[in-house]
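Here is the structure we will look at, set down as structure tokens.
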Amino acid sequence: MRVHQYVYFSLRSDHMPAHEMAARLGLGADEMSVKASKRENPPMPRAHAWRVVCRDGGLTLDEQIDRVTGRLEPFADEIAALAREIDASEGEGITGTLQVVRYFNDDGDAEESRQHQLLGWHLDHRVLDFLHRTGAELDVDEYGDD
């Protein structure tokens with residue numbers, strides 16, 4: 001079974017643009033989304049988003065998650081404070097998300113010899129602590145052929 005996967009951490013806001021989030025955190029984004037930049041009614045994307053991403057092929061999810069959270073850990077207090085501020089001004093919700101995206105039976109060019117290592121994954125105490133400190137959630141999307 002071939003697997004293509006990537007991980008990102010995002011902060012979302014209905015009102016605060018991603019470039020302002022980056023300035024407030026002191027950390028630039030790998031990717032940004034602008035609310036309703038593709039379609040105004042209904043708005044697509046539905047919110048502004050600031051993201052730190054790992055799309056490095058051939059890595060396990062554990063390794064990708066470690067790369068993302070390793071970059072963000074020094075900013076955990078700033079991320080938590082900004083998420084609380086956004087939640088307070090826009091209504092209680094989950095502003096931060098660690099997103100895991102996996103495609104099974106992907107036709108990509110991943111190394112065949114390492115595919116079996118890409119199937120399992122776990123979150124260690126350091127990652128769980130980061131999610132708790134920042135008030136973020138974990139969201140896992142998995143797609144595959146029927």
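On a predicted model such as this, the values are computed, not experimentally measured, just so you know.
Listed here is the closest heavy atom pair of Ala18 and Ser33: CB-O, 4.3 Å. Shown here for Phe75 and Gly26, the closest heavy-atom pair between the two residues is CE2-O, 3.7 Å. Across all non-hydrogen atoms, the minimal contact from Gly28 to Ala22 is CA-CB, 4.2 Å. Shortest non-hydrogen contact noted between His48 and Lys35 is ND1-N, 3.2 Å.
Side chain to side chain, Glu90 and Ser13 meet the donor-acceptor criterion of an N or O pair below 3.5 Å. Side chains of Asp139 and Thr97: a donor-acceptor N/O pair is absent below 3.5 angstrom, by distance only.
Here the OG1 atom belonging to Thr69 is positioned 8.0 Å from the CG atom belonging to Leu131, to the nearest 0.5 angstrom. Between the OG1 atom in Thr134 and the CG atom in Leu72 there is a gap of 8.5 Å [rounded to 0.5 Å]. Between the CD1 atom in Ile86 and the CE atom in Met21 there is a gap of 4.5 Å [rounded to 0.5 Å]. Distance OG1/Thr60 to CD1/Ile65: 8.5 Å, rounded to 0.5 Å. Note that the CZ atom of Phe130 and the CD1 atom of Ile79 stand 4.5 Å from one another [nearest 0.5 Å]. Taken to the nearest 0.5 Å, the CZ atom of Arg51 stands 5.5 Å off from the OH atom of Tyr8.
Under the 4.0 Å criterion applied to side-chain N and carboxylate O atoms, Arg133 and Glu73 are not assigned as salt-bridge partners. A salt bridge between Glu63 and Arg67 is absent, with no side-chain N of the basic residue lying under 4.0 Å from a carboxylate O of the acidic one. Look at Asp66 and Arg126 and you find a salt bridge, because one of the NZ, NE, NH1 or NH2 atoms lies within 4.0 Å of a carboxylate O, short of that distance. A salt bridge links Glu31 with Arg55: the closest approach of a Lys/Arg side-chain nitrogen to an acidic carboxylate oxygen falls below 4.0 angstrom.
Between Val34 and Pro17, the closest side-chain pair of non-hydrogen atoms is not below 4.5 Å. For the pair His122 and Asp62, the minimum side-chain heavy-atom distance is below 4.5 Å. Between Leu61 and Val100, some side-chain heavy-atom pair lies under the 4.5 Å cut-off. Counting heavy atoms from C-beta outward, Leu11 and Leu25 have side chains that approach closer than 4.5 Å. Under the 4.5 Å side-chain criterion, counting only non-hydrogen atoms from C-beta, Gln99 is in contact with Asp141. A 4.5 Å side-chain heavy-atom check between Val53 and Val68 finds every atom pair outside the cut-off. Inter-residue side-chain proximity for Glu78 and Arg24 is flagged as unmet; no heavy-atom pair is nearer than 4.5 Å. Under the 4.5 Å side-chain criterion, counting only non-hydrogen atoms from C-beta, Arg102 is in contact with Trp121.
Val52 and Leu138 fall within a single hydrophobic cluster, where Ile, Leu, Val, Met, Phe, Trp and Tyr are joined by side-chain heavy atoms under 4.5 Å apart, directly or via other members. Follow the hydrophobic side-chain contacts under 4.5 Å out from Leu82 and you never reach Met32; the two are in separate clusters.
Residues meeting the side chain to side chain donor-acceptor pair (under 3.5 Å) test with Asp30, sequence neighbours left out: Arg71. Residues meeting the ring-ring contact (aromatic ring centres under 6.0 Å, His included) test with Tyr143, sequence neighbours left out: Tyr103.
Trp50 places a side-chain N or O within donor-acceptor distance of the main-chain N or O of Leu27, the cut-off being under 3.5 Å.
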One pair to check against side chain to side chain contact (heavy atoms under 4.5 Å, CB included): Met16 and Glu85. What are the steps and the verdict? CA-CA 10 Å; Met16 185 181 294; Glu85 179 183 331; 4.1 Å; yes
